[in-house]
Amino acid sequence: MTLDEVRRRVEAARAEWAQASVEVRDLAALEALRVRFLGRKGVLTRLFDGLRALPPAERAEAGKLLNVLKAEITAALQARKGELAARALAEQAAAERYDFTLPGRWRPLGHLHPLTQVRREIEEVFLRLGFDVATGPEVETDYYNFEALAIPADHPARDDWDSFYIDDTRLLRTHTSPVQIRVMKSRKPPVRIICPGRCYRRDNPDATHSPVFHQVELLWVEQGLTMAHLKWVIGEFVRAFFGPGYEMRISADFFPFTEPSAQVHIRKRPGKWLEIMGAGMVDPAVLSEVGYDPEEVTGFAFGLGVERMAMLRYGVDDIRLFYQNDLRFLSQF
Ligand code: PHE
């Protein structure tokens, strides 16, 4: 080994470095290059090892040449590393950039079914007036659904409540009046309740009929109640639920369990009269049946359809819309 040879090898190594270093595109390739030149078995390390073969007088000179190259390569590695790291960071930042001016993603939020909303609203009106909510079974016995309400088996009024029978004595309740019987049988007067719930009738579905529907019935039994109290309670309800400006009309009707019986219409002038409920004074026979003394207490009741209230409130003209689960319809409420 001679000094000239070392010079040639250093030049060759410098040329090799120059060519290899321009091809580096990322940090991993740069690290591989560092190992290739400065690693334990790297190009420069081998050259340094070769110095031992030189005559001592030439070693210092050759060592200087190598050290210069090593310094060049080290500095170049350092500079390139900085460049590549900065570029990698810029690329990452570009890929992750957030545009805070973009509109947010819309996550639809569900809400209560319009019938549930209306039912709760009706309940709230009467809860404010001091009524309790009472519920009962949807599968009822013939006794509670009809018999105790003065509708015996052969009574023609049963035609008004076409029923789904389960067996000879049980049926799907056709109204929530049986809940009133159950409550009266289990409590002493005064009784002030509303009975919301699902009811069933064997009606063919059309714009105003559904075999499943919802009622809220009200019952107030106490000493000294008259039709005037009934009229007051209904008036309070109309004002609270429909708003001011409605007038109401009570006319005669027939229900086996009330005497007298009435139907209630409301209108906002000059609109037409709309029927909103059936009502009446509880028939003394019904009071006796549940063990109350009709000489001592009187009562009144009414029943309204939740669907009908919702249809009037929102101008819906087909009851079936409430059961089709079409979000285009439901999302409007
Ligand atoms: N239960 C009756 C019905 O479903 C409504 C009603 C209730 C009428 C209370 C009068 C009194 O038709």
Side-chain angles (χ1 to χ4, degrees), residues 119 122-123 126 131 133-138 140-152 155-164 171-184 191-203 208-222 225-235 237-238 248-266 274-287 289-290 292 294 297-309 319:
R119 192 204 72 219
I122 296 169
E123 284 173 10
F126 294 116
F131 287 79
V133 172
T135 56
E138 290 176 27
E140 260 301 0
T141 62
D142 190 275
Y143 173 77
Y144 284 106
N145 195 81
F146 289 130
E147 207 87 20
L149 289 158
I151 316 170
H155 197 288
R158 286 215 181 185
D159 293 350
D160 293 339
W161 292 276
D162 265 342
S163 324
F164 291 109
L171 70 157
L172 297 176
R173 69 180 176 197
T174 60
H175 45 189
T176 54
S177 308
V179 181
Q180 309 183 354
I181 301 296
R182 288 177 178 274
V183 169
M184 285 193 286
V191 166
R192 242 174 263 117
I193 53 162
I194 53 166
C195 314
R198 204 177 284 145
C199 306
Y200 304 83
R201 287 185 199 173
R202 227 176 50 212
D203 287 325
T208 55
H209 294 84
S210 164
V212 184
F213 63 100
H214 300 79
Q215 275 192 337
V216 175
E217 293 209 4
L218 174 142
L219 173 71
W220 185 351
V221 182
E222 197 168 337
L225 290 180
T226 69
M227 286 288 270
H229 299 96
L230 169 61
K231 191 178 169 194
W232 180 82
V233 171
I234 296 171
F237 168 71
V238 170
M248 63 185 256
R249 178 179 85 178
I250 295 185
S251 47
D253 201 343
F254 173 79
F255 297 100
F257 35 85
T258 47
E259 181 58 36
S261 302
Q263 50 181 291
V264 180
H265 289 80
I266 60 166
L274 306 162
E275 191 191 339
I276 57 163
M277 63 175 81
M281 301 303 292
V282 180
D283 193 302
V286 173
L287 293 175
E289 177 67 31
V290 299
Y292 289 1
V297 292
T298 51
F300 60 79
F302 60 71
L304 49 82
V306 177
E307 282 80 353
R308 178 143 179 83
M309 295 302 115
I319 195 173

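Start at 1 and go down the list; that is how both ligands and their atoms are numbered. What's counted below: heavy atoms across the whole structure, side chains too, no hydrogens, waters or symmetry copies.
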What do you reckon, does [X] put a non-hydrogen atom under 4.0 Å from ligand 1?
{"X": "Phe257", "answer": "yes"}
{"X": "Gln180", "answer": "no"}
{"X": "Arg173", "answer": "no"}

Winner among Phe300, Phe302, Phe255 once heavy atoms are compared against atom 9 (C) of ligand 1: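 It is Phe302 that holds the nearest heavy atom.
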For ligand 1, which atoms have a heavy atom of [X] less than 4.0 angstrom away?
{"X": "Ser177", "value": "1 (N)"}
{"X": "Arg201", "value": "3 (C), 4 (O), 12 (O)"}
{"X": "Gly303", "value": "6 (C), 7 (C), 9 (C)"}

Side chain to side chain donor-acceptor pair (under 3.5 Å) between Gln180 and Tyr144, worked out: CA-CA 9 Å; Gln180 309 183 354; Tyr144 284 106; over 6 Å; no
Does any donor atom in the side chain of [X] or [Y] lie under 3.5 Å from an acceptor atom in the other side chain?
{"X": "Glu140", "Y": "Tyr200", "result": "no"}
{"X": "Ser210", "Y": "Asp203", "result": "no"}
{"X": "Gln263", "Y": "Ser251", "result": "no"}

Closest approach of any protein heavy atom to atom 1 (N) of ligand 1, naming residue and atom: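 Ranking protein heavy atoms by distance from atom 1 (N) of ligand 1, first comes Glu217 OE2, 2.7 Å.
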Closest protein heavy atom (residue, atom, distance) for atom 11 (C) of ligand 1: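 In this structure, atom 11 (C) of ligand 1 has Ala301 O, 3.6 Å as its nearest protein heavy atom.
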Proximity to ligand 1 by part of Gln215, non-hydrogen separation under 4.0 Å: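 Near ligand 1, Gln215 shows its side chain, while the N, CA, C and O stay back.
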Side chain, backbone, both or neither: the part of Ala279 lying under 4.0 Å from ligand 1 by heavy atom: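 For Ala279, the contact with ligand 1 is made by the backbone alone.
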Nitrogen or oxygen of Thr258 less than 3.5 angstrom from that of ligand 1: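 Min N/O separation from ligand 1 is not below 3.5 Å for Thr258.
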Basic-acidic side-chain contact under 4.0 Å: Arg192, Glu222: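 Salt bridge flag = yes for Glu222 with Arg192.
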Aromatic ring pairing Phe237/Phe126, orientation class (parallel under 30°, perpendicular over 60°, tilted between):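 Phe237 vs Phe126 ring planes: parallel.
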pair Val233-Phe300: side-chain heavy atoms closer than 4.5 Å: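 Yes, close enough: below the 4.5 Å cut-off.
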Flag side-chain contact, heavy atom, 4.5 Å: Val286 against Met184: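 In contact.
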